[in-house]
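Below is one structure; the comments refer to it alone.
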Protein chains: 2
Amino acid sequence: MAIDLFARQGFDETTVEDIAQAAGMTKRSFFRYFPTKEDAVFEGIDLTGESVVADIAARPADEGPWECLHQVLRAWQEEIHASEQALATIRLIEATPALAGRLHQRRTEWRRRVSNALQDRPGASLDPYTADLLTNAATAVLDAVSSQWARSDGNADRPALLDQGFYQVHVDLNSRQE
Amino acid sequence: MAIDLFARQGFDETTVEDIAQAAGMTKRSFFRYFPTKEDAVFEGIDLTGESVVADIAARPADEGPWECLHQVLRAWQEEIHASEQALATIRLIEATPALAGRLHQRRTEWRRRVSNALQDRPGASLDPYTADLLTNAATAVLDAVSSQWARSDGNADRPALLDQGFYQVHVDLNSRQE
DNA sequence: TTCGATGTGTCACCTGGCGACATGATAGTC
DNA sequence: GACTATCATGTCGCCAGGTGACACATCGAA
């Protein structure tokens with residue numbers, strides 16, 4: 001709904017009242033559904049990654065954390081970006097700094113939880129710094145995948161890109177350099 | 001100046017008029033110095049990385065891109081975070097989503113330029129995706145360093161953390177998995 | 001029917017941010 | 001020393017995002 005308006009006339013140029021009116025409600029009501037104008041863009045997309053944390057805990061304990069992230073994120077983003085509007089949404093986000101910022105805010109929350117989930121895996125003995133490195137590196141891959149996917153006008157194979165990214169980037173666990 | 005106020009009473013609780021008044025100017029004048037309220041926090045910090053791009057071009061051509069990033073960022077962040085207020089600033093940013101978002105916006109610009117600079121290095125034949133992976137992975141390390149440094153109350157050795165991060169994370173250049 | 005919960009509209013308000021214009025200081029020229 | 005262009009700043013008014021308080025309606029349970 002709101003995304004159509006944003007895509008047509010731009011994010012900043014679309015007021016909350018416009019969106020609300022188009023949806024047959026009041027500005028005040030809009031803010032009862034969405035905490036901010038930005039969040040209307042992420043409507044229906046699970047960015048907090050409830051499932052991700054659970055999935056991490058469910059992976060076999062003898063799997064390395066990097067591979068674990070790889071498998072979980074592969075499943076997760078396939079599910080997320082099955083949407084029709086994915087390309088338009090990504091383009092919109094890339095073109096709108098405020099949206100990129102908001103996405104990052106959500107991701108920050110998400111990363112904290114993922115980082116903790118990694119540390120909590122049975123048998124894992126990760127220090128917080130390494131857990132952050134792993135988590136941040138994973139989002140680095142995710143971001144690169146999104147960019148490349150948008151660059152290809154949505155034609156690239158997202159899972160393949162993700163796999164490639166996870167193969168090209170690795171994270172060592174031993175914190176001592178040899 | 002503004003950071004003191006933010007640190008004392010919180011970012012949202014400090015209005016632009018407060019800051020302006022404390023600085024002996026008008027609200028309107030404040031916005032002539034800073035494009036947004038957030039930017040007052042980053043006062044004096046070079047986030048656009050003018051120097052980084054130049055430094056990348058100046059590194060020896062036979063150096064791998066990951067090592068190149070490592071060396072350049074090592075120098076860069078030593079310069080940046082020599083400031084007294086660095087810890088307070090990082091804490092403030094971590095506690096204020098809006099600031100984290102704004103920082104990320106700046107970083108996005110920065111990453112685009114760094115990614116291009118990597119591709120433009122003499123002798124480098126990086127595809128855009130790999131260049132993005134390298135750049136994003138580097139910021140992943142930077143972010144983890146900042147978090148860890150804040151976690152240690154500013155006692156950790158930032159350059160050492162950066163080195164460790166760059167050793168633990170690597171990025172392969174060959175895009176084919178073997 | 002009555003009651004309470006839930007959803008929505010209305011109104012008023014604060015704040016960040018911008019555009020337009022006025023004013024004052026400052027520096028440079030004749 | 002008077003004149004003027006320039007720049008910084010103040011003043012005013014406006015828009016839009018976001019919140020709190022309150023009223024009203026609808027609907028299901030008792």
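Order of the sequence lines sets the chain letters (A, B, ...), proteins ahead of strands, with each chain counted from 1.
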Quickly work out the [X] [atom1] to [N] [atom2] distance and round it to whole Å.
{"X": "A/Asp12", "N": "C/dG17", "atom1": "CG", "atom2": "P", "answer": "12 Å"}
{"X": "B/Lys27", "N": "D/dG13", "atom1": "NZ", "atom2": "P", "answer": "13 Å"}
{"X": "B/Ile19", "N": "C/dG16", "atom1": "CD1", "atom2": "C1'", "answer": "11 Å"}
{"X": "B/Glu13", "N": "C/dG16", "atom1": "CD", "atom2": "C1'", "answer": "15 Å"}
{"X": "A/Phe6", "N": "D/dG17", "atom1": "CZ", "atom2": "C1'", "answer": "12 Å"}
{"X": "B/Glu17", "N": "C/dG17", "atom1": "CD", "atom2": "C1'", "answer": "12 Å"}
{"X": "B/Asp18", "N": "C/dG16", "atom1": "CG", "atom2": "C1'", "answer": "13 Å"}
{"X": "B/Gln21", "N": "D/dG10", "atom1": "CD", "atom2": "P", "answer": "12 Å"}

Check: So, is B/Ser29 close to the D/dG10 phosphate, meaning a side-chain N or O under 4.0 Å from OP1 or OP2?
Finding: yes
Margin query: Strictly below 4.0 Å: does B/Tyr33 bring a side-chain N or O up to OP1 or OP2 of D/dA8?
Written below: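 The answer is no; no side-chain N or O of B/Tyr33 sits under 4.0 Å from OP1 or OP2.
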Margin query: If you define the side chain from C-beta out and look only at heavy atoms, does anything of B/Val114 sit under 4.5 Å from B/Leu134?
Written below: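 No, side chains not in contact.
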Next item on the list: Would you indicate whether the side-chain heavy atoms of B/Glu13 and B/Phe6 approach each other to under 4.5 Å?
Entry: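 No, too far: nothing below the 4.5 Å cut-off.
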Donor-acceptor pair under 3.5 Å, [X] side chain vs [N] base:
{"X": "B/Lys37", "N": "C/dG17", "answer": "no"}
{"X": "A/Arg32", "N": "C/dG9", "answer": "yes"}
{"X": "A/Arg28", "N": "D/dG20", "answer": "yes"}

Notebook entry, point to check: Within the distance-only criterion (no hydrogens, no angle test), does the side chain of A/Thr14 pair as donor or acceptor with the backbone N or O of A/Gly10 below 3.5 angstrom?
Noted result: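 Present.
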Next item on the list: Would you indicate what A/Thr15 reaches in the nucleic acid, counting non-hydrogen atoms under 4.0 angstrom: base, sugar-phosphate, or nothing?
Entry: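 Touches sugar-phosphate only.
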Next item on the list: Taking only Lys NZ, Arg NE, NH1 and NH2, and the carboxylate oxygens of Asp or Glu, determine whether B/Asp132 and B/Arg111 approach each other closer than 4.0 Å.
Entry: no
Next item on the list: Describe, in one word, how the ring planes of B/Phe166 and B/Trp66 are oriented to each other, choosing from parallel (under 30°), tilted (30 to 60°) and perpendicular (over 60°).
Entry: tilted
Notebook entry, point to check: Which nucleotide in the set C/dG16, D/dT19, D/dG10 lies at the smallest distance from any side-chain heavy atom of B/Met25?
Noted result: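 Side chain of B/Met25 sits closest to D/dG10.
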